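Naming: A, B, ... by sequence-line order, numbering from 1 per chain. Side chains are part of it too, since the values below use all heavy atoms of this structure and drop only hydrogens, waters and symmetry mates. Note that the structure is a prediction, hence the values are computed from the model and not measured.
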Amino acid sequence: MDRRDNASSSAPALGPDASFRRDVLRHEEARGLYACFSCGACTAGCPISEVFPEFSPRKLAKRVKLGLKRDVLEDPYIWRCTTCRGCEQHCPQNVRLYDILNVLKNMAAEAGFAPPAWVEQTRWVMRTGLVYPRDAALAKKRRARSLPALMSRGEQAERLIARTGADKIKAREEP
Amino acid sequence: MAAKREPRIGLFLCHCGKNIAGGLDLEALAESSKGLAGIAYVTTHKFCCSEGGQAEIAGAIRGQNLDRVIVAACEPSLHLLTFQRCGEEAGIEPQFADLVDIRKWTMPGSPQKVDPGLALEESRKTVELAVKRMRLKRPVPLVTVKAEQAALVIGGGIAGLEAALDLADKGYQVHVVERQPTIGGKMALLYKVYPTNDCAPCILAPKTAYANIHPKIELLTNAEVRSVKGHVGGFRVEIVQSPRYVDTDTCTGCGDCVAACPRRVRDDVYAAGLGPRKAVFIPYDQAIPRKAVIDAANCLYFRNGTCRLCEKACLAGAIDFNQQPRTIGLSVGAIIVATGFEEYVPSAKTEYGFGRFGNVVTQFQLARLLDIDGPTKGRLLRPTDGREPRTIVMIQCVGSRDETAHPYCSGICCMYALKHAQIIREMVLPETEIHICYIDMRTPGKGFEEYYRRTRDMGILFIHGKPSEVAERPETKSLVVKVEDMDIGRPLELEADLVVLSCASVPPAGSEELSRILGIERDDSGFFKELHPKLRPVETRVRGVYLCGAAQGPKDIPASILQARAAASFADGELRRGTIRLPASMVKAEEIEKGGA
Amino acid sequence: MRRYALYLGCTTPTQVIPYELASRWVCRALGIELVDLAEFTCCGMNQVNLSLEAGSLLAAMNLAHAEAKGLDILALCPACAGTLAEETERLRDEGRRARINEALALVGLEYKGRARVRHLSRVLYEDIGPERIRAGVRRDLSALRLAPHYGCHSLKPKSVFEGSDDPDDPRTLHELIAAAGARPLPYATLPLCCGGKSFPVSPEPALSLVRKKLDDLIGRRADGLVVQCQTCYLMYSGQQKAVRERFGDRPLVPVLLYPQLLGLAMGGDPVDDLGLDLSAVPLDGILVKAGLAKWS
Amino acid sequence: MEDVYVEEFTSPGCVGCPAVKAMLEELSREFDGRVIVEEINIAEDASRAASYGIMTVPAVAVNGNLLFTGVPSRQDLRNAILEEMKED
């Protein structure tokens, strides 16, 4: 079941790829990654690592530095980040791990590994302006509490998202 | 006035191996330099500083009849002396030999490195200016001045005392200025020292006691340097000594005044904020001078004009509320700066809760808690409830190696954490679990790795990771330390009765002011700056002012002692002939106030 | 009268109606005028997963809409507030602003860098202040020992909240709870994240995190938890049932959104004004300690 | 008439330095570029300052001789430069 089993069956799972490292570092958000000296304060402060040691910001930084492209981009755990920024909060070297993770997620999404939840949310934003659908039951509920009707619309968001190509991203296939 | 004879300048361009030649076209630089006014000879050499290079320079001076020499190579602090001596051998006065730095533009790793085109352009400018200066330069008249056979040592810690004793034994009169009411500095607060685990006061006391009775040493405690004028051989120093309100000649150090004093305040120095002292106090048993001192900010008499119980209690009549600040003028030939360091106050690292959680202390506080002469008489007790801690977590690199505090490694914290762990395990609380959270263990001194091994053998647990935060359990005031152990790659929550922070060493307050008074520089970290970090680690920009100990950067006791001896040796080297040759301009300038404004 | 464009975000108006209800009531009572803008959409917080660029464009678009109306933004969701505020920081860079505005021109918008964004709690703390809040209190809540939960996006990144709370030692919600007359309760797991933003992709870690904080509060005998984020609310209140199913039965911990607490203190009707009846966890204990009988 | 080479020693935060700098700029204009001024930050180039034994800034060396420490009067500075020009 482990993704590493899948990877090793087809091709060597791990192999340094300097071009990957450079691709990541080309993003302004990833600057400073090389300053990381692997002290682990990020992982110590990561609530997801507490529950899933497989998710380790420290190891992620090192994996990127080593250029382990497939290992990083195919890693399902990078999507479990809860965006709390605990990793950045106590970094003694000012490494912006949250931003770097977003760069990695963008690259993984482009490569076809985005979880359906995020792709679906983008679809809804393009339709309703919000990440959720809106139905009659909700409208009724709001009316009952004398709250104004929700009026947001998705056209403008759709045009802007289309400009970035994010509307073309397909979700990874779930087993 | 007769026209000056046109000087004949020789210009020597150095390849420095590939460090310069690899980064710019030296032949082009040589070619363009040939036409400069005053230039009589230009050549390049692979290593100008080598024996062969120097021989070639000396040969050219004689063969080409040169009277001035410029070497374009590395920083003057590295080799100016080399080329001045080389020129002198061949008959050129040192002031007519110059070295200019063109290597900074080309050297791999230099922060100023630029591309070859720009390097050539910048080097050309540098050389042109140097040639212009050398051509126009007129001989500076040198004068002979008397070298005072006396030195000032600023700071009465282990480094300052070592330097003072060395110079005093060589026959110089030495004045030691110490801000605290006692000499001894940080070492007096350490309890024990690594790697021998000797008792710190036991090996410090012979030095302090000897300094106290040495006929050539004057100790000025409670005192600070206010101004310095003059030059090497003849510095005139003004010192202000704050009143002690106790006459040190009559005070016997009996402690009757202390017993009589009703005012109890927190002792931030000798008890590191963990115990009390009185408003009149003797800093500690082995203090030197072992005399009482009144802390006017807390004394009831100074606050509201009442009390005076100490005065009544003192049979010797030594209490003197009328003492005033005293200004002392000194003439010295050399100055040694030994102002040491302070422990970083970690309250700015709010994630570790220092100041917020009562059971988070620093290593210097821990040293006081372990000291049999400390606030708990050597019993290790938690500040909040006086209980013995069952588990202790030490956190390394607090405020060090940290871009949000101090980027540098303080160098001594690994070892003193090991020391405290050993003391607790061996002598204080053998059953207490001790965990040390670290990023890297740095133990490169003699016998230090063995010391680390010994600590591991004692069963101290090392956790490879920097904690992200410390939380307090409000009911028990015990602590939870969040850390990843990267060897197993798993975040942990360590329960701790006591958390000890190993904090950065930082420059003491007042360093900036002192750098202004002395006219010496400080580095980016605020420590005093040596003339060259590798080759001239004791001298400063000001001739006759030397550095030793942690004033120059964090260091341990053996390194401080070495550097103190080196500083004393430099001072002796300048002063021993009794006179010094100086440019007349320097002497002329001696009346001008330091401070630049 | 202070006027703000009300930024509801996506989750509050669809899933956490009591937050919207209580916020509107409290703001009205304190003289803060809220303007609803039909043009507001998702702030882009979640779009950064797929495209940082798309996230930035959505944020800038919303800022431009507020700016066009000449209003600053008051956001109920701390993540929206943070996302929008961080974008205003980034857009100080002129090159970036020109690039983003080129895209915004597609939909006829431009952001000049004027509109400011703050979260409701910060507006309450900075514009009204604990003193004036205290003056408006009508009900005695001093029997309540309530644990504050700040939520990650109210504190981080530091660059956005400069001059506000220290993320390692936050105080403002403590002060706001005290201003409402209740007693803020210290507890060890205060900084712990609710896990909400990872919940859609993987519920397990989030539930473990929720359980950890709830168990700490149960041990501390807290009367309740006070949150200032709809996602934290959904996790701590809405998922308590799931926690009990997964990790075994345990006492329930009442959860209040801060404007609900403040509204109670200011004399608001628990149901009509503050939506306390919509809580997944019964709030009777809180009401009784507030001197109110359970609603019928 | 010969060019005159002036080294002006400064450091960041030096209070008197801007005044000296202004005077030298003025004199450089007056003598139509014949006064060549080099500004040396002693924090960056400590060894140059050390070679003159400078302990305080501002300091001014003219044709390689340290003539002034502290802020000189404009008249003294001008005279010193004239003196150097005259000698050749």
TODO: Mind ranking C:L155, C:L50, C:L58 by heavy-atom pairs under 4.5 Å with chain A and telling me who comes out on top?
DONE: C:L50
Task: Residue among C:A206, C:C10, C:C42 with most heavy-atom pairs under 4.5 Å to chain A - done: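 Looking at each option in turn, the highest pair count goes to C:C10.
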- [ ] Sort and list the pairs that fulfil ring-ring contact (aromatic ring centres under 6.0 Å, His included) and have at least one residue in residues 146-169 of chain A, not counting sequence neighbours.
- [x]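 Qualifying pairs, neighbours excluded: none.
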Would you mind checking chain C against chain A for donor-acceptor pairs under 3.5 Å and listing them?
from, atom 1, to, atom 2, distance (Å)
C:T11, OG1, A:Y132, OH, 3.2
C:P13, O, A:R142, NH1, 3.0
C:E20, OE1, A:R142, NH1, 2.7
C:E20, OE1, A:R142, NH2, 3.3
C:E20, OE2, A:R142, NH2, 2.8
C:C42, N, A:G129, O, 2.6
C:N46, ND2, A:Q121, OE1, 2.7
C:Q47, OE1, A:T122, OG1, 2.8
C:V48, O, A:N106, ND2, 2.7
C:N49, O, A:N106, ND2, 3.0
C:N49, OD1, A:K105, NZ, 2.6
C:L50, O, A:N106, ND2, 3.3
C:L52, N, A:N106, OD1, 2.6
C:H65, NE2, A:Q156, OE1, 2.7
C:E86, OE1, A:R85, NH2, 2.6
C:E86, OE2, A:R85, NH1, 3.3
C:E86, OE2, A:R85, NH2, 3.4
C:L106, O, A:R159, NH1, 3.3
C:L106, O, A:R159, NH2, 3.3
C:H153, NE2, A:T83, O, 3.0
C:H153, NE2, A:T83, OG1, 3.0
C:K156, NZ, A:C84, O, 3.0
C:K156, NZ, A:Q89, OE1, 3.2
C:D168, OD1, A:Q89, NE2, 3.2
C:D168, OD1, A:H90, NE2, 2.7
C:D168, OD2, A:H90, NE2, 3.2
C:K212, NZ, A:E50, OE1, 2.6
C:V271, O, A:R145, NH1, 3.1
C:D277, OD1, A:R145, NH1, 3.3
C:D277, OD1, A:R145, NH2, 3.2
C:D277, OD2, A:R145, NH2, 2.3

Task: Contacting moiety of A:V125, where chain C heavy atoms sit under 4.5 Å - done: side chain
- [ ] Can you tell which part of A:C81 gets under 4.5 Å to a heavy atom of chain C, answering side chain, backbone, both or neither?
- [x]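 Just its backbone gets close to chain C.
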Task: Engaged part of C:L52 at the chain A interface, taking heavy atoms whose separation is under 4.5 Å - done: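 Both parts, backbone and side chain.
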Task: Interchain contact, C:L109 with chain A, by part (heavy-atom threshold 4.5 Å) - done: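 The side chain, not the backbone.
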Quick one: closest heavy-atom pair of [X] and [Y], and the distance?
X: A:L160; Y: C:L104; answer: CD1-CD2, 3.9 Å
X: A:L130; Y: C:G9; answer: CD2-O, 4.1 Å
X: C:P13; Y: A:L138; answer: O-CD1, 3.7 Å
X: A:A117; Y: C:P200; answer: CB-O, 4.1 Å

- [ ] Could you have a look at A:G165, A:P116, A:G86, A:P148 and say which one has the most heavy-atom pairs with chain C under 4.5 angstrom?
- [x] A:P148
TODO: List the steps and the verdict of side chain to side chain contact (heavy atoms under 4.5 Å, CB included) for C:L57 and A:I161.
DONE: CA-CA 8 Å; C:L57 287 177; A:I161 290 171; over 6 Å; no
